[in-house]
Asker: 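Here it is: the structure, laid out below.
All figures in this text were calculated on a predicted structure; none of them were measured in a lab. Labels below follow one simple rule: chain letters A, B, ... track the order of the sequence lines, proteins then strands, and each chain is numbered from 1. Below, all heavy atoms of this structure are taken into account, side chains as well, without hydrogens, waters or symmetry copies.
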Protein chains: 2
Amino acid sequence: MNTLAYGLLSLLSHSPLSGYDLTQRIQPFWPAKHSQIYPLLARLEKYDMVSCELIQQSDKPDKKVYSIQEKGLDALRKWLALPASDPVMRDELMLKAFCISQVEPTVSRDLFAARLEHYKAKSQRLNDKIQSVRHMANAGEDGIPPYDSPYFGAYILLNKGKLTCRTNIEWCEWVLSIIPHGSGNTVD
Amino acid sequence: MNTLAYGLLSLLSHSPLSGYDLTQRIQPFWPAKHSQIYPLLARLEKYDMVSCELIQQSDKPDKKVYSIQEKGLDALRKWLALPASDPVMRDELMLKAFCISQVEPTVSRDLFAARLEHYKAKSQRLNDKIQSVRHMANAGEDGIPPYDSPYFGAYILLNKGKLTCRTNIEWCEWVLSIIPHGSGNTVD
DNA sequence: AGGACCATGTAAAAGGTTACATGATTTC
DNA sequence: GAAATCATGTAACCTTTTACATGGTCCT
């Protein structure tokens, strides 16, 4: 049982999902390809953590829908009580930023401009998602869903996403503002 | 040449370092163990990206100090001009947050309290580092080192760290403030 | 005496990505 | 007719972690 396995159980604790759906939905939290998900689901089924039902579809290909079982929920709750290991972030731009003085300002501007666009697009997608969650969750006046509703988790995660995006946008804009303009022949 | 290799070249573009030092310093940007670094350095040397000098020490074990070579600098500059791939973040707490309603508020409070402490400690370490960089860099009145100084990169990265820490601290405190208090028997 | 830090390496196992494989339906 | 989406799976490869291996110095 690795972290990805618990990640799948986490998603399945809200509702049954197919391997295809799980692959899409786990991306924001724990990126993984379908080639990793499908075999893992088979293993989770073997250990009775999840059950599997074949759903026949006429318009789309048939699919296997997985549901979490008692054993899976027990494992999930035990894992939840354990301290979360430190987050791991791997970002090429951090490495490039470190030796930014090796290249002309034009080159580094492109790097940060691209990243700024990346976060702006992400921010837009997040706002859309926040709107749709507000619809579904029976949130109070403060907009906060009750703790024991499955939307509480989604709500705090969406907020984290928003804060993180905003911080990164601010940082990129600040960096762009202090990179010197002009022809900028720093090398040679 | 993978990203870790370029990461090592990035660090070596500032100053020559031993494998041991490189292992320590790359952690904030691209976590890697020494078992990955040492063989990579040997490979970089084989391809003339870096050169290696054995430094004998009396108080401490002897060490190998690596310096970047022309070929390494060329490779580094070519890589810098390429767009940076998207950052990858893997955080167990995000997965746990998703199914937070599965456990009592006491359990989830511990999770977020621990993460809050993690970021507070990180914030403290960052402040110390920022102080020491300010000393070394011949920064202007605004505190910003010149673009072509090697401290420019360190400066913007330290600032990113500070912003990220602050955002995460705020988020953890906010989550703790909306997790209900009391005995909290949400699950029977 | 025990633990932390310095210092370098290899081997095995686990985790993750890319490529191979197939095939239907829908949208432009 | 081409591309995107839905849907599942395996194989090969690369990356990362954990464990094995060694040994000196410094501090308590």
Asker: Taking all non-hydrogen atoms of both residues, which atom of A:Ser10 and which atom of B:Leu95 are closest, and how far apart?
Answerer: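 In terms of heavy atoms, the two residues are closest at OG-O, 3.6 Å.
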Asker: For a quick test of reading the model: is some side-chain N or O of A:Trp30 closer than 4.0 Å to OP1 or OP2 of C:dG16?
Answerer: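 Affirmative; the distance criterion is met.
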Asker: Give every residue pair that meets the ring-ring contact (aromatic ring centres under 6.0 Å, His included) criterion with at least one member in residues 41-77 of chain B, sequence neighbours excluded.
Answerer: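 Matches after skipping sequence neighbours: none remain.
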Asker: Rounded to whole Å, how long is the line connecting atom CZ of A:Arg25 with atom C1' of D:dC6?
Answerer: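 Interatomic distance, CZ of A:Arg25 to C1' of D:dC6: 14 Å.
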Asker: If I take atom CD1 in residue A:Ile37 and atom P in nucleotide D:dC6, what distance separates them, rounded to the nearest angstrom?
Answerer: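 Going from A:Ile37 (CD1) to D:dC6 (P), I get 16 Å.
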Asker: Between A:Ser101 and B:Phe152, is there a side-chain heavy-atom distance shorter than 4.5 Å?
Answerer: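 No, too far: nothing below the 4.5 Å cut-off.
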Asker: Show the nearest heavy-atom pair for residues A:Ser13 and A:Ile68, with the distance to one decimal.
Answerer: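 Heavy-atom minimum between the residues: CA-CG2, 4.3 Å.
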Asker: Just by protein heavy atoms under 4.0 Å, how would nucleotides 4-11 of chain C read 5' to 3' in B, S and -?
Answerer: -SBBBBBB
Asker: How far apart are the closest heavy atoms of B:Leu111 and A:Leu82, and which atoms are they?
Answerer: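 Smallest heavy-atom distance, with atoms named: CD1-O, 3.5 Å.
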Asker: Just how far, in rounded Å, is C1' of D:dC14 from NZ of A:Lys33?
Answerer: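 Interatomic distance, NZ of A:Lys33 to C1' of D:dC14: 14 Å.
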Asker: Just how far, in rounded Å, is C1' of C:dA14 from CG of A:Leu40?
Answerer: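 So the CG-C1' distance, A:Leu40 to C:dA14, works out to 12 Å.
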Asker: Tell me whether A:His34 contacts the main-chain N or O of A:Thr23 through its side chain, where contact means a donor paired with an acceptor under 3.5 Å.
Answerer: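 No, the answer is negative, given that no donor and acceptor are paired below the 3.5 Å cut-off.
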Asker: On the 0 to 90° scale, with breaks at 30° and 60°, tag the B:Phe29-A:Phe98 ring pair as parallel, tilted or perpendicular.
Answerer: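 Tilted: the ring planes of B:Phe29 and A:Phe98 meet at 30° to 60°.
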Asker: Filter on salt bridge (charged side-chain N to carboxylate O under 4.0 Å, His left out), then keep only pairs touching residues 109-124 of chain A, sequence neighbours left out; what's left?
Answerer: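 Listed once each, the pairs are A:Asp91-A:Arg115.
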Asker: Figure out the CG/P separation between B:Leu4 and C:dG16, and round it to whole Å.
Answerer: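 Answer to the nearest Å: 17 Å.
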Asker: Nearest nucleotide by nearest heavy atom, which residue falls closer to the 5' end of DNA chain C, A:Asp59 or A:Arg43?
Answerer: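 Counting from the 5' end, the first nearest nucleotide belongs to A:Arg43.
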Asker: List in chain and number order the residues that pass side-chain contact (heavy atoms from CB on, under 4.5 Å) with A:Gln24, two or more places apart in sequence or in another chain; answer none if no residue qualifies.
Answerer: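 A:Gln24 satisfies side-chain contact (heavy atoms from CB on, under 4.5 Å) with A:Tyr20 only.
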Asker: So do the side chains of A:Pro31 and B:Arg90 get within less than 4.5 Å of each other, counting heavy atoms only?
Answerer: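 Yes, close enough: below the 4.5 Å cut-off.
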Asker: Could you tell me, to 10°, how much the axis swings from one end of the helix from C:dA1-D:dT28 to C:dC28-D:dG1 to the other, five pairs per end?
Answerer: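 Between the first-five-pair axis and the last-five-pair axis there is 40°.
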Asker: Just wondering, are more than 12 heavy atoms of other shown residues or ligands nearer than 6.0 Å to NZ in A:Lys71?
Answerer: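 More than 12 heavy atoms, drawn from other residues, nucleotides or ligands, come within 6.0 Å of this atom.
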Asker: Can you pull out the residues from residues 78-97 of chain A that lie within a 4.0 Å heavy-atom distance of DNA chain D?
Answerer: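 Contacting residues: A:Arg90.
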